[in-house]
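Residue numbers count from 1 along this sequence. Only this structure's heavy atoms are used, side chains among them; waters, hydrogens and symmetry mates stay out.
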Amino acid sequence: MKTRQTVSVECLLRWKTPDGNMISPAEFIPELVSSGLIIDVGAWVIEEACSTMAKLDEQVPIAVNVSPCQLESDAIITHIEQVLEETGLAPEMLVIEVTEDLIIQDKGWAIERLNRLSNMGVKIALDDFGTGYSSLSYLKILPVDKLKIDQSFVRDMLTDPEDSAIVATIISIAKTLNLDLIAEGVETELQAQHLRHLGCGKAQGYLYQKPQGDLIKSIHYQEDELEK
């Protein structure tokens, strides 16, 4: 946040309708999960993210959100290995983001597959940290490289002392465990100043960069296939 240097990017998925409207993941991801399409769409997103970053002259890590459904099968391990080999992207340039809900559902298979990805060199980020119900002990047994402070805490931390205290606590935990830390949803300079004061050095949000939409056209071309 001090230098405004871009040190990572995140792949965002949006659904563009024929009339040009953009549909939020909060609306269509549950449908993808319930229909089982999340496996194919998730695999396509990983391919697009890695392919796009591999083509850039100046590469930074690219983060991709992965649902619990995708990690239920060993196929995701094989797929990521294949994508990295085909695109030539270094494993450490891919960041897989998971939420605490994944650990709550069944920590056994989750930990096993995340460890395999970590052993490949892929980075693991725990997204929306603080919003779930998992034990802090999971931070010790999970191969987590990054913590992401949920935007719900960042949004109101300037007016809500409890949110500010939660943010400060997460920052302290990340420092103690030597984890990379990113605050989500930073939209104002006052929020950025407060985060820097608390000791958070990295953030993402509209204050720094709005979504670029580079893949919107590619996503749009997938609509007919998904409707089938």
Side-chain angles (χ1 to χ4, degrees), residues 1-17 19-30 32 41-42 45-46 48-50 52-53 55-56 58-67 93-101 123-132 145-171 174 179-220:
M1 285 189 284
K2 290 182 180 180
T3 64
R4 296 293 182 106
Q5 178 186 1
T6 300
V7 294
S8 182
V9 294
E10 180 175 357
C11 181
L12 301 174
L13 189 62
R14 298 291 184 270
W15 192 290
K16 187 175 183 180
T17 63
D19 56 7
N21 291 328
M22 301 300 291
I23 303 177
S24 164
E27 296 183 56
F28 67 78
I29 290 296
L32 292 178
V41 172
V45 172
I46 292 174
E48 288 290 330
C50 292
T52 299
M53 185 54 64
K55 295 174 183 176
L56 299 181
E58 296 184 14
Q59 295 180 357
V60 295
I62 185 165
V64 178
N65 294 277
V66 169
S67 75
M93 289 291 104
L94 175 62
V95 181
I96 295 297
E97 292 193 4
V98 297
T99 63
E100 295 180 36
D101 292 340
K123 300 301 180 182
I124 309 297
L126 194 55
D127 197 12
D128 302 338
F129 186 72
T131 60
D145 303 288
K146 304 173 184 288
L147 285 185
K148 303 191 75 174
I149 306 174
D150 187 67
Q151 60 181 334
S152 62
F153 301 126
V154 174
R155 184 187 304 116
D156 299 323
M157 66 182 178
L158 297 179
T159 56
D160 189 330
E162 292 183 351
D163 279 345
S164 182
I166 290 173
V167 170
T169 300
I170 295 174
I171 292 172
L179 298 174
D180 202 6
L181 181 70
I182 303 98
E184 297 180 299
V186 179
E187 298 183 353
T188 69
E189 190 60 48
L190 286 177
Q191 290 174 333
Q193 290 175 4
H194 188 66
L195 286 166
R196 288 197 298 267
H197 174 71
L198 293 176
C200 182
K202 297 179 183 178
Q204 67 180 75
Y206 275 27
L207 177 63
Y208 303 105
Q209 186 68 68
K210 294 184 179 180
Q212 295 300 289
D214 291 339
L215 298 180
I216 287 178
K217 188 175 181 180
S218 298
I219 293 172
H220 182 71

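- To the nearest 0.5 Å, atom CG of residue Leu158 and atom OG1 of residue Thr188 are 6.0 Å apart.
- Contact check for Lys123 versus Leu94: no side-chain heavy atoms found under the 4.5 Å cut-off.
- The shortest non-hydrogen separation linking Glu97 to Ala63 is OE2-CB, 3.3 Å.
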Would Phe153 and Glu184 count as a side-chain contact (heavy atoms from CB on, under 4.5 Å) here? Give the steps.
CA-CA 9 Å; Phe153 301 126; Glu184 297 180 299; over 6 Å; no
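- Using a 4.5 Å cut-off on side-chain heavy atoms (C-beta onward), Arg14 and Leu12 make contact.
- For the pair Asp145 (side chain) and Ile124 (backbone), a donor-acceptor distance under 3.5 Å is present.
- Panel note: side chain Gln191, backbone Glu187; a donor-acceptor pair is recorded below 3.5 Å.
- A 4.5 Å side-chain heavy-atom check between Glu48 and Cys11 finds every atom pair outside the cut-off.
- Listed by chain and residue number, Glu10, Lys148 satisfy the side chain to side chain donor-acceptor pair (under 3.5 Å) test with Gln204 (two or more places apart in sequence, or in another chain).
- Using a 4.5 Å heavy-atom cutoff, the side chains of Ile149 and Leu181 are in contact.
- Within the 4.5 Å cutoff, the side chain of Tyr206 has no heavy atoms near those of the Val186 side chain.
- For Asn21, the side chain to side chain donor-acceptor pair (under 3.5 Å) partners are Asp19, not counting sequence neighbours.
- Annotation: side chain of Val9 is in contact with side chain of Met53 (closest heavy-atom distance under 4.5 Å).
- Residues that satisfy the side-chain contact (heavy atoms from CB on, under 4.5 Å) test with Pro30, not counting sequence neighbours, are absent from this structure.
- Remark: side-chain polar atoms of Thr6 are not paired, donor with acceptor, to backbone N or O of Ser8 under 3.5 angstrom.
- Annotation: side chain to side chain donor-acceptor pair (under 3.5 Å) contacts involving residues 152-167, sequence neighbours excluded, comprise Asp150-Ser152, Ser164-His194.
- Qualifying salt bridge (Lys or Arg N to Asp or Glu O under 4.0 Å) partners for Glu58, counting only residues two or more places apart in sequence or in other chains: none.
- Residues forming a salt bridge (Lys or Arg N to Asp or Glu O under 4.0 Å) with Asp180 (at least two apart in sequence, or on another chain): Lys146, Lys202.
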Should Val41 and Leu13 be marked as a side-chain contact (heavy atoms from CB on, under 4.5 Å) after you check the CA-CA gap, both sets of side-chain angles, and the distance that decides it?
CA-CA 10 Å; Val41 172; Leu13 189 62; 3.9 Å; yes
Chi angles and distances behind the salt bridge (charged side-chain N to carboxylate O under 4.0 Å, His left out) call for Arg4, Glu189
CA-CA 12 Å; Arg4 296 293 182 106; Glu189 190 60 48; 2.8 Å; yes
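- A 4.5 Å side-chain heavy-atom check between Val95 and Val64 finds every atom pair outside the cut-off.
- Residue Leu198 holds its CG atom at 9.5 Å from OG1 of Thr169, rounded to the nearest 0.5 Å.
- At a threshold of 4.5 Å between non-hydrogen side-chain atoms, the residues Val60 and Met93 do not count as touching.
- We find the CG-CG distance between Leu190 and Leu195 to be 11.0 Å, quoted to the nearest 0.5 Å.
- Counting all heavy atoms, side chain and backbone alike, Gly185 lies closest to Val154 at O-CG1, 4.1 Å.
- Contact between Asn65 and Asp127 at its shortest, heavy atoms only, is OD1-OD2, 3.2 Å.
- With values rounded to the nearest 0.5 angstrom, Ile62 atom CD1 is found 6.5 Å from Thr52 atom OG1.
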